[in-house]
Amino acid sequence: LVDWGSSPNSEDNQHRTPLSYASGAGSCMVTDLLLKDNRVSPDNRDINGRTPLWWAMENGYDTVVKQLLEIGVDREPKDQSERTPLSWAAGNGHDAVVKQLIEADVDVDPKDYSRKTPLRWAASNGYDTVVKQLLETGKVDVDTKSSFGETPLSSAARNGHDAVVKQLLETGKVDVETKDTSGRTPLSLAADNGHAAVVKLLLETGRVDPHAKDNNGRTPLWLAAHKK
């Protein structure tokens with residue numbers, strides 16, 4: 001089609017190009033062909049600010065990511081929610097892609113519009129391998145708070161990801177009594193959602209107050225007992 005005059009950089013109504021779709025589909029062969037055409041803009045942004053690299057990373061296509069990184073594309077484009085490709089890769093548990101980005105020396109601790117970092121996204125979704133990768137860089141703030149006051153520990157506790165909670169506790173750098181904007185601690189969040197394993201891990205630290213009250217005066221025990 002390109003040989004017959006079709007533009008390799010044409011955009012649809014979402015401003016996505018053939019390269020954007022090829023990258024998002026993990027098509028290494030088509031991506032390679034398009035990248036060889038000097039009319040193609042490898043950093044073209046769609047209507048949501050997402051580049052071909054973003055699409056490849058969000059879907060975990062590490063071979064396509066490698067192709068794009070090797071030609072020198074922008075490694076840290078932010079979409080409309082101010083999330084970087086690393087943020088999406090971490091939040092989706094794509095550890096191979098996360099490894100590539102860390103090796104490419106990207107900022108491993110960027111904050112999106114709600115002040116959530118890649119570590120917070122990985123912790124919240126229970127991706128312990130990605131959490132380990134990010135912690136090992138030594139460049140992430142393990143106690144950073146989102147605009148809702150949640151830390152990576154808070155998010156992991158709320159969602160019952162005990163393996164991640166254990167990793168974060170082992171850093172010795174997290175505040176186990178941190179409170180979100182509702183006044184809830186990690187223990188409160190775990191108790192409220194019925195995550196017994198996480199409650200046990202937190203209590204065993206000997207550093208949490210089992211009687212801590214949230215903004216509504218509710219203790220972890222009250223929250224646990226109130227669950228149906």
Sub-4.5 Å side-chain heavy-atom contact between T219 and L223:
no
message = Taking V108 as the starting point, is it possible to reach L69 by hopping between hydrophobic residues whose side chains are less than 4.5 Å apart?
response = yes
On a heavy-atom basis, the closest approach of G91 and N125 is O-ND2, 2.8 Å
Next on the checklist: Is it the case that the side chains of Y21 and D12 hold a donor-acceptor pair, with the cut-off being a distance below 3.5 Å and no angle test?
Outcome noted: yes
CG (D141) and OG1 (T117) are apart, to the nearest 0.5 Å, by 8.0 Å
Given the rule that I, L, V, M, F, W and Y join up when any side-chain heavy atoms are under 4.5 Å apart, are V106 and Y127 in one cluster?
-> yes
Closest non-hydrogen contact found for L101 with P85 is CD1-C, 4.2 Å
Next item on the list: May I ask whether W54 and V98 are part of the same hydrophobic cluster, defined by side-chain heavy atoms of I, L, V, M, F, W, Y residues being less than 4.5 angstrom apart, directly or through others?
Entry: no
Distance col, row D43:CG vs R75:CZ, nearest 0.5 angstrom, shows 11.5 Å
Looking at W88, is R50 sitting on its ring face, NZ or CZ under 6.0 Å from the six-membered ring centre and within 45 degrees of the normal?
yes
Discussion item. Taking A89's backbone N and O only, do any of them form a donor-acceptor pair with E58's side chain (distance below 3.5 Å, no angle check)?
Written reply: no
Under the side-chain contact (heavy atoms from CB on, under 4.5 Å) rule, what do D74 and R45 come out as? Steps first, then yes or no, please. CA-CA 11 Å; D74 182 0; R45 291 173 179 265; 4.2 Å; yes
Can you tell me if Q80 uses its side chain to pair, donor with acceptor, with the backbone of I47 under 3.5 Å?
-> yes
For residues 115-133, the salt bridge (charged side-chain N to carboxylate O under 4.0 Å, His left out) pairs (sequence neighbours left out) are R120-E150, K132-E136
Exercise. Does the side-chain contact (heavy atoms from CB on, under 4.5 Å) test come out yes or no for K179 and S154, once each step is laid out?
Worked result: CA-CA 8 Å; K179 291 188 175 184; S154 302; over 6 Å; no
| task | Determine whether the side chains of D46 and W55 contain a donor N or O and an acceptor N or O closer than 3.5 Å. | result | yes
Between the OH atom in Y61 and the CG atom in L53, the distance rounded to the nearest 0.5 Å is 14.5 Å
Task: Flag, side chain of E177 to backbone of D209, donor-acceptor distance under 3.5 Å - done: yes
Practice problem: Determine whether the side chains of W121 and D112 contain a donor N or O and an acceptor N or O closer than 3.5 Å. | Solution: yes
Legend entry - Hydrophobic cluster identity match, I71 and V30, side-chain contacts under 4.5 Å: yes
* When you measure from the side chain of R16 to the backbone N and O of S20, does any donor-acceptor pair fall under 3.5 Å? -> yes
What one should report as the nearest heavy-atom pair of S182 and D180 is N-OD1, 2.8 Å
Please tell me if the side chains of L187 and V199 come closer than 4.5 Å, counting only heavy atoms from C-beta onward. yes
To the nearest 0.5 Å, atom CD of Q100 lies from atom CG of L86 at 11.5 Å
Looking only at heavy atoms, the pair that brings P118 and A90 closest together is O-CB, 3.6 Å
* Asked: Please walk me through it: do S146 and S114 pass side-chain contact (heavy atoms from CB on, under 4.5 Å)?
  -> CA-CA 6 Å; S146 71; S114 58; 5.5 Å; no
Notebook entry, point to check: Do the side-chain N and O atoms of T84 and S87 include a donor-acceptor pair separated by under 3.5 angstrom?
Noted result: no
N193 side chain vs H195 backbone, donor-acceptor pair below 3.5 Å
no
| request: Without swapping roles, check the side chain of D143 against the backbone of V174 for a donor-acceptor pair under 3.5 Å. | output: no
For P220 and A191 the tightest heavy-atom approach is O-CB, 3.5 Å
Value for CG (L33) from CG (L19), rounded to nearest 0.5 Å, stands at 11.0 Å
Query raised in the report: Is the backbone N or O of A197 less than 3.5 Å from a side-chain atom of D162, with the two atoms forming a donor-acceptor pair by type?
Result: no
- Item | H94 backbone acceptor or donor facing N92 side chain under 3.5 Å | no
Quiz item: Given side chains that start at C-beta, do those of P52 and P42 come closer than 4.5 Å, heavy atoms only?
Solution: no
Quiz item: Is a side-chain N or O of T137 found less than 3.5 angstrom from the main chain of L134, in a donor-acceptor match?
Solution: yes
Value for CG (D109) from NZ (K111), rounded to nearest 0.5 Å, stands at 5.5 Å
Open item on the list: Side chains of L68 and S23, heavy atoms from C-beta outward: is any pair under 4.5 Å?
Closed with: yes
Residues at least two apart in sequence or cross-chain that pass side-chain contact (heavy atoms from CB on, under 4.5 Å) with Q67, listed by chain then number, are C28, T31, D32, L35, V64
Open item on the list: Main chain of T181, side chain of N215: is a donor-acceptor contact present, judged purely on distance under 3.5 Å?
Closed with: yes
Check: Does L169 share a hydrophobic cluster with L189, counting links as ILVMFWY side-chain heavy atoms below 4.5 Å and allowing steps through other members?
Finding: no
Query raised in the report: In terms of side-chain heavy atoms, does R184 have a donor or acceptor partner in S188 at a distance below 3.5 Å?
Result: no
Nearest heavy-atom contact between R158 and S124 is NH2-OG, 4.2 Å
- Are T151 and T144 close enough that some pair of their side-chain heavy atoms sits under 4.5 Å apart? no
